[in-house]
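Quick note: numbers below take in every heavy atom, side chains included, and nothing from hydrogens, waters or symmetry partners. Since the model is a prediction, treat every value here as computed from it, not as a measurement.
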Amino acid sequence: MQEAAWRTKLSRARPLPRAFYVSGPRALARALLGRVLVHDDPAAGRIAGRIVETEAYGGRDDPASHAHRGETPRNRVMFGAPGHAYVYFTYGMHHCFNVVCGPAGRPMAVLVRALEPLVGLDTMAERRGTRSVARLTRGPGALAQALGLRREHDGLDLARGPLWVADLPRARAVGGVARGPRVGIRLAADRPWRYWLAGSAFVSRGPRPLATASAPRRTRGREPR
């Protein structure tokens with residue numbers, strides 16, 4: 001589908017409701033795959049991409065989570081209501097975008113690692129300094145840069161915009177949904193909580209799948225470790 005067609009399609013879409021984000025991080029990490037993330041940037045217009053890779057992060061029981069040691073000014077939004085953006089700056093280099101999930105007071109989130117660019121490709125290319133579509137939003141830092149996401153966007157309500165996930169039907173995962181260990185972390189790195197659309201050219205890391213599933217599973221309440 002061409003960019004103009006996607007713009008038309010998104011003009012009829014609405015943000016997913018808050019109830020979508022109440023589930024645990026692993027269920028949401030799978031459910032976000034194939035959905036379209038949209039940023040209505042007041043400076044650059046609409047930018048959008050299909051989510052093709054995610055990582056789940058638990059709360060106090062996940063040593064790799066920012067919430068593991070409790071609430072701080074940096075991670076405060078994780079302790080609030082689900083369906084908000086958690087944007088942080090890391091390694092003194094780039095920003096990362098996460099989706100807060102689960103009930104308020106139980107800090108959990110899903111890191112969005114990669115998109116398939118759909119709308120606003122010229123803006124993405126200018127921000128990223130590359131015309132390679134495959135490199136525009138591959139990896140969490142590249143994704144945030146392409147969409148123009150910074151710390152000032154921390155806490156945005158995804159159920160209202162200007163940053164939102166469209167209620168369009170999920171794209172079917174032709175090759176299934178793969179999962180494997182999270183990357184770029186030291187603690188609990190063996191947990192297979194990274195999920196991606198198998199066969200997508202826009203995934204940030206090569207395939208190291210532990211299992212595949214044809215569709216995401218949704219669960220309620222606390223997820224087992």
Side-chain angles (χ1 to χ4, degrees), residues 1 6 16 20-21 23-39 47-58 62 64-65 85-88 90 94-101 108-119 121 124 128 130 132-147 149 158 165-166 168-219 223 225:
M1 187 182 297
W6 272 110
L16 285 168
F20 176 80
Y21 303 101
S23 65
R26 281 175 281 164
L28 184 63
R30 293 186 291 263
L32 282 170
L33 292 174
R35 296 283 184 177
V36 178
L37 175 66
V38 184
H39 184 203
I47 307 166
R50 180 183 289 113
I51 299 171
V52 298
E53 183 183 3
T54 57
E55 275 183 348
Y57 285 87
D62 182 358
S65 170
Y86 171 42
V87 182
Y88 62 85
T90 185
H94 54 253
H95 293 85
C96 295
F97 163 67
N98 302 256
V99 177
V100 176
C101 61
M108 297 179 285
V110 173
L111 171 66
V112 180
R113 288 192 55 90
L115 303 176
E116 175 187 347
L118 300 175
V119 172
L121 274 68
M124 294 185 190
R128 291 281 296 123
T130 178
S132 170
V133 177
R135 295 177 57 193
L136 293 179
T137 50
R138 181 189 286 169
L143 182 158
Q145 184 181 23
L147 268 63
L149 300 179
L158 301 177
V165 179
L168 298 173
R170 293 174 59 248
R172 296 183 62 182
V174 177
V177 174
R179 69 184 177 100
R182 297 178 292 188
V183 296
I185 58 174
R186 287 188 305 104
L187 301 174
D190 59 331
R191 297 184 186 182
W193 291 0
R194 181 170 71 100
Y195 303 87
W196 65 93
L197 296 184
S200 171
F202 302 94
V203 173
S204 69
R205 293 293 183 97
R208 290 166 49 218
L210 297 183
T212 58
S214 59
R217 300 188 302 274
R218 301 301 301 276
T219 61
E223 294 183 329
R225 293 182 66 182

**Student:** So do the side chains of L149 and H95 get within less than 4.5 Å of each other, counting heavy atoms only?
**Tutor:**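 Side-chain contact under 4.5 Å: no.
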
**Student:** Any chance you could lay out the side-chain contact (heavy atoms from CB on, under 4.5 Å) test for F97 and L37, step after step, and finish with the verdict?
**Tutor:** CA-CA 11 Å; F97 163 67; L37 175 66; 3.7 Å; yes

**Student:** Can you tell me how far the OH atom of Y21 sits from the CG atom of L28, to the nearest 0.5 Å?
**Tutor:**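 These two atoms lie 7.5 Å from each other.
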
**Student:** For R135, give me all partners under side-chain contact (heavy atoms from CB on, under 4.5 Å), at least two apart in sequence or on another chain.
**Tutor:**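 Testing R135 for side-chain contact (heavy atoms from CB on, under 4.5 Å), a comparison that skips the adjacent residues, returns T130, S132.
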
**Student:** Are the side chain of T137 and the backbone of L115 linked by a donor-acceptor contact shorter than 3.5 Å?
**Tutor:**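 Checked: pair present.
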
**Student:** Compare every heavy atom of A201 with every heavy atom of R138, then report the nearest pair and how far apart it is.
**Tutor:**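 Result for this residue pair: NH2-O, 2.8 Å.
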
**Student:** If the condition is salt bridge (Lys or Arg N to Asp or Glu O under 4.0 Å), which residues does R50 pass it with, not counting sequence neighbours?
**Tutor:**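 Listed in chain order: E116.
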
**Student:** If you round to the nearest 0.5 Å, how far is CH2 of W196 from CZ of R30?
**Tutor:**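 Those atoms lie 13.0 Å apart.
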
**Student:** Restricting to non-hydrogen atoms, name the atom on W193 and the atom on G58 that form the minimum distance, rounded to 0.1 Å.
**Tutor:**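 Smallest interatomic distance, heavy atoms only, reads CZ3-N, 4.1 Å.
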
**Student:** So, using side-chain contact (heavy atoms from CB on, under 4.5 Å) as the criterion, who are the partners of A29 when residues are at least two apart?
**Tutor:**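 For A29, the residues satisfying side-chain contact (heavy atoms from CB on, under 4.5 Å) (neighbours in sequence not counted) are T54, A56, V110, Y195.
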
**Student:** F202: what forms a ring-ring contact (aromatic ring centres under 6.0 Å, His included) with it, not counting sequence neighbours?
**Tutor:**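 Scan of F202 (ring-ring contact (aromatic ring centres under 6.0 Å, His included), adjacent residues dropped) gives none.
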
**Student:** Quick check for you: to the nearest 0.5 Å, what is the distance between L33 atom CG and I51 atom CD1?
**Tutor:**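 Going from CG on L33 over to CD1 on I51, the span is 7.5 Å.
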
**Student:** Does some side-chain heavy atom of Y88 sit less than 4.5 Å from a side-chain heavy atom of H94?
**Tutor:**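 In short, these two side chains do not touch, never coming nearer than 4.5 Å.
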
**Student:** Restricting to non-hydrogen atoms, name the atom on C96 and the atom on A144 that form the minimum distance, rounded to 0.1 Å.
**Tutor:**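 Smallest interatomic distance, heavy atoms only, reads N-CB, 4.4 Å.
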
**Student:** For the pair N98 (side chain) and Y86 (backbone), establish whether a donor and an acceptor sit closer than 3.5 Å, ignoring hydrogens and angles.
**Tutor:**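 Present.
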
**Student:** With heavy-atom distances below 4.5 Å as the criterion, would you say the side chains of V133 and M124 are in contact?
**Tutor:**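 No, too far: nothing below the 4.5 Å cut-off.
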
**Student:** What are the two closest non-hydrogen atoms of C101 and S23, and how far apart are they?
**Tutor:**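 In terms of heavy atoms, the two residues are closest at CB-O, 3.5 Å.
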
**Student:** Can you list the residues that meet the side-chain hydrogen bond (donor to acceptor under 3.5 Å, both in side chains) rule with R128, with sequence neighbours excluded?
**Tutor:**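 R128 satisfies side-chain hydrogen bond (donor to acceptor under 3.5 Å, both in side chains) with Q145 once adjacent residues are dropped.
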
**Student:** Answer yes or no: is there a donor N or O on one side and an acceptor on the other, between the side chain of H39 and the main chain of I47, under 3.5 Å?
**Tutor:**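 No, the answer is negative, given that no donor and acceptor are paired below the 3.5 Å cut-off.
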
**Student:** Can you name the nearest heavy-atom pair linking A48 to V38, along with the distance?
**Tutor:**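 In terms of heavy atoms, the two residues are closest at CB-CG2, 4.1 Å.
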
**Student:** Could you tell me if the side chain of L197 sits less than 4.5 Å from the side chain of V203, heavy atoms only?
**Tutor:**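 V203 does not reach L197 side chain to side chain.
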
**Student:** Can you sort out the partners of E53 under salt bridge (Lys or Arg N to Asp or Glu O under 4.0 Å), two or more places apart, ordered by chain and number?
**Tutor:**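 Salt bridge (Lys or Arg N to Asp or Glu O under 4.0 Å) list for E53, sorted by chain: R113, R194.
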
**Student:** First locate atom OG of S204, then atom CD of E55, and finally report the distance between them rounded to the nearest 0.5 Å.
**Tutor:**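 Going from the OG atom of S204 to the CD atom of E55 covers 7.5 Å.
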
**Student:** If you measure from CG on L32 to CG on L111, what distance do you get to the nearest 0.5 Å?
**Tutor:**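 These two atoms lie 11.0 Å from each other.
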
**Student:** With rounding to the nearest 0.5 Å, note down the distance linking CG in L121 to CG in L136.
**Tutor:**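 That separation rounds to 6.0 Å.
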
**Student:** Between V112 and V99, is the side-chain contact (heavy atoms from CB on, under 4.5 Å) condition met? List the steps.
**Tutor:** CA-CA 8 Å; V112 180; V99 177; 4.2 Å; yes

